[in-house]
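For the numbers below, each heavy atom of this structure counts, side chains included, while hydrogens, waters and symmetry mates do not.
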Amino acid sequence: MHISLYRKYRPQTFSDMVGQTTAVDVLRTALENGSIGHAYLFSGPRGCGKTTVARLVAKSLCCLDRKNSAEPCDKCDNCVAIARGEHLDVVEIDGASNNGVDAIRELKSHVSLRALSSHYKVYIIDEVHMLSSGAFNALLKTLEEPPENVIFLLATTEPHKVPVTIRSRCQHIPFHRISVQDIVSRLEYVCNSEGITADNDALWEIARMADGALRDALSLTEQAISLGHGTITRDAIDEMTGGASRTRLEAWVVSLLAEPNVAASSLAKIISSGTSCERLCEQIFIIFCDLWYAKLWQNNLDVLLESSQEEISFLKNEAQKWDERVLRRCAYVTNKIMSKAHNGINGEYFAGLLFLELKNAIDGVDNSPAKAEAPVKNPQAQVTPQPIIPNANQNTSNVQPEQKKVSAPVTASSFNEPSIKAPSSFDERVDAFTSTKSDKIDTSNFTKSFGECDFTKIIEAVSQDNYEFAAALLDTKVLQNGDEIIFEATDSPLSAAFLNIPFNKEIASLAVKKAFGLIKETPAEEKNEAQPSVVDALQNPVQRNSAGASAQEINQGTTGGVTQAISANAGRILKLAGAELLYVEKDVMDLEEENDG
């Protein structure tokens, strides 16, 4: 019967192990000194030698003619039986298929029996993370205090799934991915042993495809031998990879810079050959990164990259033709497109998108969408919004009032540019006025405390909730665009939210217009009784909720039980942001009065 290469060339001694020097040295030293632990946890990626090393430890413990360096002889009856998996004192358990409590209970029932033909009994549990919670709990006591001469060797690819109670009872030895160079060396040994001719580039491509797993590399080698009819060639590797081998993609990158039209057609052929878009994107990204490394550090490529001498020579020569910034852009673009390939994408669409983005990166074309401009109702009469009052500093508690400037609007009639001057800060004035225990706060004194300035005119124009409006306008830039008043609070989302409410925006706009004389009152004899004046609107605003119902309608119960107007909701928004100093709750003041009394 044919035996697969990864089984035929499984290491039978510690010296045959590839790429796990640290783990092997730790175990060999413990075996040689007779200080082997009772439980070990081997963790690492697939195909890196965890189970193989566990078997080697078992062979070393049970070997009848062990060498001085703890190497098993690999010739005695115990070594041969363990290699075949027939030794009665070495029990291998597949944790994926025997993950229940019953399997562990059966193990516990046999663990106390004496070894039959050797001094030790060894239990190897592969994929131990697949055990159930009940199985782990059943194993705890036995794993902590096993019988004399019983060794547990646990292997897993996902150590984080093993309970901490299990890990703490084991010596944890991590295994690592095997380097590309070590895999290539092992593949050359296998090919020489089998009498197979292999191209060096083909072996390097297989090693890269294995992603650190020697078992995968041997499986791919066996497949390449079948495709190459007894040899390992580049053509066989191209057929295996669907045309996305390193050599072919390097040639494509060269044509991308020299002959873009040839690169476009070649990319379509590579996609149609059957390679996955995700793998293609990964390989192109790696090539651009390697070229970037070669551009920056040509003398250190042998240390930086795991590549053959032919590949390093290509990188050094090709990197001279590229600009370092272009290589970075190409790598970034490829990485951005990789997410689309990962989620699944049409091959033709992917080829066009990849070529377009890379060509733009090479040519320095910025295809990011431009910022959309706000539409203008009447372009011919466009008026650039002009500042009326600047936005105040965000941190009002740390800024003295003298630093808050109010500039004049750019209109037909220019205003003065007064400064807010007061003996105390805004927060201190709020504290002073809100500390008064009364049913009604004297808002007139509050506004007067700012001094004579345009800001005072605005907040004096709003007789209701002027604390809220003052707080919002302190962090807001007020602009004029014709008859429209625009409020910009880019650095204060809460102020923007408050002033974006239609009712609040209308009141603030009317107050600004009134303060700067941008609106005139209609003579009394020309007033329409159905249309209230600006002063009436400011002094007695009609509060409406999101459904458009007025406060009067709400009180009459005509809106289906809605009990709060929109300005009250806006007040809560600002208060939740931490602006408690700007508000006074009447219920709280009444409660304080009761406590005082």
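Side-chain atoms of N504 come within 3.5 Å of backbone N or O of F498 as a donor-acceptor pair. With N500 contributing its side chain and A496 its backbone, the two residues share a donor-acceptor pair below 3.5 Å.
Rounding to the nearest 0.5 Å places CG of L280 at 6.0 Å from CG of L267. Rounding to the nearest 0.5 Å places CD1 of I284 at 13.0 Å from CG of N335. Here NE2 of H129 is found 8.0 Å from NE2 of H160. Values are rounded to the nearest 0.5 Å. The distance from the CD1 atom of I337 to the CG atom of L356 is 8.5 Å, given to the nearest 0.5 Å. Separating the SG atom in C330 from the CD1 atom in I362 is a distance of 4.5 Å, to the nearest 0.5 Å.
Between L256 and V262, the closest side-chain pair of non-hydrogen atoms is not below 4.5 Å. Inter-residue side-chain proximity for V254 and F314 is flagged as met; some heavy-atom pair is nearer than 4.5 Å. Put simply, the side chain of E357 reaches to within 4.5 Å of the side chain of K336, judged on heavy atoms. Side-chain contact between I486 and V478 is absent, with no heavy-atom pair separated by less than 4.5 Å.
Taking all atoms of both residues into account, the shortest heavy-atom contact from F487 to A508 is CZ-CB, 3.5 Å. Taking every heavy atom of both residues into account, C277 and I271 meet most closely at SG-CD1, 4.3 Å. Residues G44 and C48 share a closest heavy-atom pair of C-SG, 4.1 Å. Across all their heavy atoms, T157 and P45 have their closest contact at CG2-C, 4.4 Å. The shortest non-hydrogen separation linking L131 to F136 is O-CE1, 3.3 Å. Residue K295 comes nearest to W322 through the heavy atom pair NZ-O, 2.9 Å, listed as atom of the first residue, atom of the second, then distance.
Checked against side chain to side chain donor-acceptor pair (under 3.5 Å), K316 has no partners two or more places apart in sequence or in another chain. Applying the salt bridge (charged side-chain N to carboxylate O under 4.0 Å, His left out) rule to E324 yields the partners R328; only residues at least two apart in sequence or on another chain are considered. A search for side chain to side chain donor-acceptor pair (under 3.5 Å) contacts involving D323 returns R325, not counting sequence neighbours. S179 is linked by a side chain to side chain donor-acceptor pair (under 3.5 Å) to D182, counting only residues two or more places apart in sequence or in another chain. Considering only residues two or more places apart in sequence or on other chains, H176 meets the side chain to side chain donor-acceptor pair (under 3.5 Å) condition with none of them. For D216, the side-chain contact (heavy atoms from CB on, under 4.5 Å) partners are R46, A210, A213, not counting sequence neighbours. Listed by chain and number, the residues in a salt bridge (charged side-chain N to carboxylate O under 4.0 Å, His left out) with K505 amount to none (sequence neighbours excluded). With sequence neighbours excluded, the residues satisfying side-chain contact (heavy atoms from CB on, under 4.5 Å) with S43 are T156, P159, H172, P174. The side-chain contact (heavy atoms from CB on, under 4.5 Å) test applied to Y349 returns I345, N346, L353, not counting sequence neighbours. The side-chain contact (heavy atoms from CB on, under 4.5 Å) check on M130 picks up A96, E127, with sequence neighbours excluded.
Listed by first then second residue, pairs satisfying side-chain hydrogen bond (donor to acceptor under 3.5 Å, both in side chains) with a partner in residues 280-291 read R246-D290, not counting sequence neighbours. Screening residues 251-269 for side-chain hydrogen bond (donor to acceptor under 3.5 Å, both in side chains), with sequence neighbours left out, gives no hits.
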